Amino acid sequence: MEKIIEKIVSLCKRRGFIFQSSEIYGGFSAVYDYGPLGIELKNNISQLWWKEMTQVHENIVGIDSGILMHPKIWEASGHVGAFNDPLVDCKKCKSRYRADEFSEEYSSLNWEEVQCPKCGTTGSLTSPRQFNLMFKTHVGPLQESGTEAFLRPETAQGIYVNYQLVQGSMRMKVPFGIAQIGKAFRNEIIARNFIFRTREFEQMEMQYFVKPGADDESLDFWKERRLKFYLDQLGISHKKLRFHQHNENELAHYAKEAWDIEYDFPFGWSEIEGIHNRTDYDLSQHQEFSGKNLSYFDQKNNDRFLPYIIETSAGLNRMLLTTIADAYWEDEKNNRTVMKFHPKIAPIKAVVCPLLKKDGLPEKARQIVNLLKPHFKVTYDQQGSIGKRYYRQDEAGTPFCITIDHKSLKDNTITLRYRDTMKQERISIDQLLQHIKENI
Ligand code: ATP
């Protein structure tokens with residue numbers, strides 16, 4: 001039986017969600033392009049996140065910092081020295097692995113006794129070598145040592161180095177947050193599981209600045225809020241979400257406490273978002289490396305301190321994969337595949353179909369498209385039998401199909417078909433817009 005993830009990859013290509021990058025050149029490993037439905041879905045998800053962060057929470061503001069930044073930032077953050085993955089090669093079949101795939105405590109493994117998972121040879125694996133994940137580039141025409149720069153491997157540092165400018169210009173008072181959505185790049189050793197781990201991806205990060213001592217309570221608050229986002233905003237199944245707390249081996253050296261939200265993907269439970277108590281590590285590092293005083297002055301209490309940071313860090317692409325994996329449904333009874341997206345994130349909210357390509361039905365259908373399109377994304381489809389059109393939209397995850405027939409011309413009603421139940425009802429065109437608005 002074809003694996004679920006392969007079926008998902010195939011559906012994503014067939015329906016215009018996600019394509020392998022540079023496909024006509026044979027592909028480019030671990031980079032993906034988003035097609036017309038994929039970008040709608042991605043935008044819907046990121047807009048919900050942005051709204052949740054910067055609109056629902058009045059004390060959080062957004063920024064958009066550069067992908068290229070002063071190289072010293074990556075020394076201060078620890079990325080130059082320690083943003084490494086342990087790389088292991090098979091001398092026989094040339095397969096490549098991350099050593100921590102074999103064991104979290106890989107440094108104590110005797111590699112002579114370990115078997116290559118691909119070719120089965122024992123003793124063919126090299127000892128782990130540390131490999132820095134940052135992509136290097138050069139700024140300016142000369143490739144010499146002083147011109148080296150990095151593509152950011154996370155968006156968080158852009159927030160830390162701007163924190164005082166944001167705080168001052170917006171007169172923010174601790175506790176406050178700064179949110180950012182943007183691209184990040186990591187030269188991952190192994191990239192697999194479709195868009196789960198890629199070399200170019202987008203992050204949605206929010207850094208929350210709190211007074212030391214208020215950090216534990218804030219971490220608990222954000223853990224709860226973030227889980228709620230997946231349930232209420234994205235409509236993800238509760239039983240497929242869980243928290244995983246980092247143990248001592250997993251905990252980054254700067255973190256006091258760290259939790260991942262994990263999703264039960266077809267390839268197993270995996271991290272989709274991290275919620276971390278980063279203490280004052282980042283600001284104290286930037287203070288030391290930049291020589292600038294980055295402390296915050298609390299005027300009310302005449303108190304000066306370096307804030308602690310609670311971070312919520314999610315991958316937009318992983319969040320999108322979560323929504324796709326959760327929505328994928330093989331409806332065997334009706335012999336169809338359905339993407340049961342929450343209507344809020346569905347790429348297209350409704351399709352308008354004239355039953356026939358004649359008798360004035362297409363014109364009437366166009367009138368309905370014009371009525372709905374200022375309010376949400378709709379599409380028009382007159383190709384093929386009505387059953388085929390419905391099934392196409394089921395795979396695209398469109399919650400509503402609107403069909404215009406001869407009766408529509410007489411009494412100004414249409415047939416509304418619901419994606420998940422396939423139930424159909426006749427409703428008046430006058431009520432259509434309001435009805436759909438209430439259900440998305
Ligand atoms: P992992 O252990 O999976 O490599 P990480 O713990 O290094 O991830 P973070 O640095 O905490 O991840 O990044 C925060 C979020 O960014 C992750 O939860 C994930 O959603 C996303 N992310 C990180 N690396 C990638 C990647 N290579 N491709 C897609 N998303 C990623």
Side-chain angles (χ1 to χ4, degrees), residues 18 21 28-34 38 42 45-46 49 74 77-79 82-87 97-101 103-104 106 130-135 150-160 179-207 219 222-223 226-227 229-230 234 236 241-247 249-255 257-263 265 267-278 281-282 309-325:
I18 302 167
S21 160
F28 192 64
S29 174
V31 184
Y32 287 88
D33 295 340
Y34 288 79
K42 190 143 74 83
I45 295 171
S46 63
W49 185 89
W74 305 110
S77 68
H79 284 83
F83 193 52
N84 300 324
D85 269 349
L87 172 69
Y97 305 96
R98 254 167 68 167
D100 55 355
E101 283 186 284
S103 162
E104 285 288 348
Y106 61 87
Q130 293 300 331
F131 170 76
N132 194 287
L133 296 183
M134 281 199 296
F135 279 102
F150 300 97
L151 301 188
R152 67 179 174 196
E154 62 176 33
T155 55
Q157 300 300 326
I159 295 179
Y160 305 146
Q180 170 159 231
I181 301 178
K183 289 249 176 175
F185 302 82
R186 296 183 187 180
N187 199 359
E188 299 279 359
I189 297 174
I190 39 156
R192 54 174 79 122
N193 293 332
F194 196 28
I195 57 168
F196 180 80
R197 186 181 303 287
T198 51
R199 299 205 166 98
E200 176 178 344
F201 57 99
E202 267 165 274
Q203 287 190 314
M204 302 193 291
E205 297 197 295
M206 193 283 294
Q207 311 292 327
L219 183 88
W222 282 108
K223 266 178 66 192
R226 293 309 303 143
L227 185 68
F229 179 82
Y230 288 90
L234 304 182
I236 305 296
L241 289 167
R242 72 176 186 197
F243 276 115
H244 162 77
Q245 183 171 19
H246 286 206
N247 61 35
N249 290 326
E250 296 166 280
L251 207 58
H253 59 282
Y254 51 77
E257 189 178 340
W259 295 79
D260 292 337
I261 298 179
E262 294 186 336
Y263 180 76
F265 286 101
F267 44 84
W269 287 96
S270 309
E271 169 186 343
I272 46 179
E273 171 160 354
I275 300 137
H276 310 135
N277 181 345
R278 300 182 66 119
Y281 175 81
D282 305 280
I309 292 172
I310 307 299
E311 153 182 270
T312 74
S313 172
L316 174 53
N317 316 73
R318 276 194 199 174
M319 207 183 272
L320 182 137
L321 184 62
T322 308
T323 63
I324 287 181

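When a ligand or atom number is given, it counts from 1 through the structure's own listing order. Predicted, not measured: the structure shown is a model, and the values here were computed from it. All values below come from the heavy atoms of this structure, side chains included, with hydrogens, waters and symmetry mates left out.
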Atom 28 (N) of ligand 1: nearest protein contact (heavy atom, Å): T198 N, 3.0 Å
Can R199 be said to sit on top of F185's aromatic six-ring, NZ or CZ under 6.0 Å from centre and within 45° of the ring axis? no
Before signing off on this row, confirm whether R318 and ligand 1 have an N or O atom pair separated by under 3.5 Å. yes
Side chain, backbone, both or neither: which part of I272 has a heavy atom under 4.0 Å from ligand 1? backbone
Closest heavy-atom pair and its distance - R98, E188: NH1-OE1, 4.0 Å
Nearest non-hydrogen protein atom to atom 13 (O) of ligand 1, with distance, is Q203 NE2, 3.5 Å
Is there a side-chain contact between F83 and R186 in this structure, where contact means two heavy atoms from C-beta onward sitting under 4.5 Å apart? yes
If you have a sec, work out which protein heavy atom is nearest atom 21 (C) of ligand 1 and how many Å separate them, to one decimal? G315 CA, 3.7 Å
Please write down residue, atom name and distance for the protein heavy atom closest to atom 29 (C) of ligand 1. F196 O, 3.2 Å
For R186, is at least one N or O under 3.5 Å away from an N or O on ligand 1? yes
Side chains of E205 and Q180: does their closest heavy-atom pair fall under 4.5 Å? no
Can you tell me which residue and heavy atom of the protein come closest to atom 14 (C) of ligand 1, and the distance to 0.1 Å? S313 OG, 2.9 Å
Do T323 and I236 have side-chain heavy atoms sitting under 4.5 Å apart? yes
Check each of E271, E202, E311 against atom 11 (O) of ligand 1 and report the one with the nearest heavy atom. E271
For atom 30 (N) of ligand 1, the option (of F185, F201, F83, Y32) bearing the nearest heavy atom: F201
Less than 4.5 Å apart, side chain to side chain, heavy atoms only: is that true for F194 and Y32? yes
4.5 Å side-chain heavy-atom contact, Y263 and L241: yes
Part of R197 within contact of ligand 1 (heavy atoms, under 4.0 Å): both
Heavy atom of E273 under 4.0 Å from ligand 1? yes
According to side-chain hydrogen bond (donor to acceptor under 3.5 Å, both in side chains), who are the partners of Y230, at least two apart in sequence or on a separate chain? E273
Has N317 got any heavy atom lying under 4.0 angstrom from an atom of ligand 1? no
Under 3.5 Å, side chain of E202 to main-chain N/O of L316, donor-acceptor pair present? no
Numbered atoms and elements of ligand 1 in range of E188, under 4.0 angstrom, heavy atoms: 24 (N), 26 (C), 27 (N)
